[in-house]
Amino acid sequence: MDILNELAKIKDENALTAFHKKYLSKTGELTAQLQNLKNLPADQRATEGNRINELKRNVEREFFRKQTALREQAINDQLRADPLVDITIPAINVPQGSLHPITYLIRRVTEICRSMGFLVVDGNEVVTEYENFDAVNVPADHPARDMQDTFWLTNGKLLKTQTSAMQNEILRKHGPVVSAIFPGRCYRNEATDASHEFAFFQCEGMMVGENISIANLIYVMKKILSGVYGKDIDVRLRPGYFPFVEPGFELDASCPFCEGKGCSVCKHSGWIEFCGCGMIHQNVLRQANVDPERYQGFAFGFGLTRMAMMQYAISDIRLLNSGNLEFLRGIKR
Ligand code: FA5
């Protein structure tokens, strides 16, 4: 503890630098003691090593505290001595900012998925035609291409229409055993109205490995929904068609606003259409060099923007991209 007492008495930066050199630098006493461990009898090394490491950690922590305090002190002294600076004038009242509802939801969802061991991947916005369509089982002559027109760049690439466009890259990079969640901005060349935007957010998730089944999908969806809404949410599956899943489903969530009793949000049905999902099509796995005989998995993709609308009772989707601060400040997160 003598070392810590010595540190406590230091009053200026020069003395602190000398202290660092004496104890903590590469040639310092504590480093030397650690290097000397190899010369001790084997039965003493572990105990002595722990003692020195703990001491070094304590000294380093106190050293950085002292360094910060001395630097702050130096700045304050300088300000006090400057006749042009009056530190007694009250600070300007800058209103505190807040997260955009979409950012807030992305953080919430990714936090829940991270706790289940999911990788969080930042999706690209510009992707190739192959990634957006062919790799997810939508070849050039597939009618499903017509449902998702987008904005094409002069280099032949495009703004992704769906987060599913990231599946191939993620499977190639992290597969064949991977659980990943990838929220991202998507674009569609379509007329805007109160519930359609040309730029909106989706959130995709997938889990691939051996013995992955629909039971895993249901569990993960319940976890995400219950985590976001802070209460137990039930789900149900109906048959649904998406070229990249087989079997494919539409997943409904029990209405979080009326607990399934029926309200205006769920149109008095007790259920809310939440997302498309299913078991990843074998062709999608093959495109990413994943052997479909050995590995299988599920994927789901939901509209984050629509989720935000529902969560915060936003009647017009266009408000979310409007940059209207008054509207954003009015949302209670
Ligand atoms: C898809 O995009 C599929 N990739 C989802 C999927 C992934 C299914 C994995 C199966 C497995 P869809 O076109 O239905 O599906 O879009 C998904 C969600 O995106 C919609 O439910 C909606 O919430 C949101 N969305 C789609 N178009 C718009 C739009 N123009 N404005 C706002 N949100 C939109």
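Heavy atoms only: backbone and side chains are in, while hydrogens, waters and symmetry mates are out. Both ligands and their constituent atoms are indexed starting at 1 by order of listing. Quick caveat, the model's predicted, so the values are computed rather than measured.
Surrounding CD of E326 are at most 12 heavy atoms belonging to other residues, nucleotides or ligands under 6.0 Å away. Under a cut-off of 6.0 angstrom, the local environment of NZ in K56 is crowded, with over 12 non-hydrogen atoms contributed by other residues, nucleotides or ligands. Residue K223 places its NZ atom among 12 or fewer non-hydrogen atoms of other residues, nucleotides or ligands, all under 6.0 Å distant. For K21, the NZ atom counts as loosely surrounded, since its 6.0 Å shell holds 12 or fewer non-hydrogen atoms of other residues, nucleotides or ligands.
The part of F244 lying near ligand 1 is the side chain, judged by heavy-atom distances below 4.0 Å. By the criterion of a heavy-atom distance under 4.0 Å, neither the backbone nor the side chain of C186 is placed next to ligand 1. Under 4.0 Å from ligand 1, the heavy atoms of E204 that appear belong solely to its side chain. With a 4.0 Å cut-off on non-hydrogen atoms, I317 touches ligand 1 through its side chain and not its backbone. When non-hydrogen atoms are compared, ligand 1 lies under 4.0 Å from neither the backbone nor the side chain of E273.
Rounded to the nearest 0.5 angstrom, H281 NE2 and F242 CZ are separated by 14.0 Å.
The N/O atoms of E197, backbone and side chain alike, include one that comes under 3.5 Å of an N/O atom in ligand 1. Between Q202 and ligand 1, at least one pair of N/O atoms sits closer than 3.5 Å. For ligand 1, the polar-atom distance check against S164 finds a nitrogen or oxygen pair separated by under 3.5 Å. Polar contact with ligand 1: present for R188 (N/O pair, distance under 3.5 Å). Below 3.5 Å of separation, one finds an N or O of E190 facing an N or O of ligand 1.
For atom 14 (O) of ligand 1, the nearest protein heavy atom (residue, atom name, distance) is F242 CE2, 4.0 Å. Given atom 22 (C) of ligand 1, the protein heavy atom at minimum distance is R306 NH1, 3.2 Å. For atom 25 (N) of ligand 1, the closest non-hydrogen atom on the protein side is F200 CE1, 3.5 Å. Nearest protein heavy-atom contact of atom 5 (C) of ligand 1 is G301 O, 3.8 Å.
In this structure, E6 and K22 have side chains that are in contact, with non-hydrogen atoms separated by less than 4.5 Å. Between Q202 and F200, some side-chain heavy-atom pair lies under the 4.5 Å cut-off.
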- Query: Can you check salt bridge (Lys or Arg N to Asp or Glu O under 4.0 Å) on D252 and R238, steps first, answer last?
  - Reply: CA-CA 8 Å; D252 297 337; R238 291 176 285 115; 2.8 Å; yes

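Counting the atoms of ligand 1 from 1 in the order shown, those under 4.0 Å from a heavy atom of C277 are 8 (C), 10 (C), 11 (C). Using a 4.0 Å cut-off to heavy atoms of G303, the atoms of ligand 1 that qualify are 18 (C), 19 (O), 23 (O), 24 (C).
Using a 4.0 Å heavy-atom cutoff, Q148 is listed among the residues neighbouring ligand 1.
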Please output the side-chain donor-acceptor pairs of residues 116-129 that fall under 3.5 Å, not counting sequence neighbours, one pair per line with the distance.
unit_1: N124; atom_1: ND2; unit_2: E169; atom_2: OE1; d: 3.4
unit_1: E125; atom_1: OE1; unit_2: Y187; atom_2: OH; d: 2.6
unit_1: E125; atom_1: OE2; unit_2: R185; atom_2: NH1; d: 3.1
unit_1: T128; atom_1: OG1; unit_2: E131; atom_2: N; d: 3.1
unit_1: T128; atom_1: OG1; unit_2: E131; atom_2: OE1; d: 3.2
unit_1: E129; atom_1: OE2; unit_2: R145; atom_2: NH1; d: 2.6

Ignoring hydrogens and angles, write down the donor-acceptor pairs under 3.5 Å from the side chains of residues 210-220, residues two or more places apart or on other chains.
unit_1: E210; atom_1: OE2; unit_2: R294; atom_2: NE; d: 3.1
unit_1: S213; atom_1: OG; unit_2: A215; atom_2: N; d: 3.2
unit_1: N216; atom_1: OD1; unit_2: S213; atom_2: N; d: 2.7

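At a cut-off of 3.5 Å, with distance as the only test, no side-chain donor of E197 or T192 sits close to an acceptor on the other residue.
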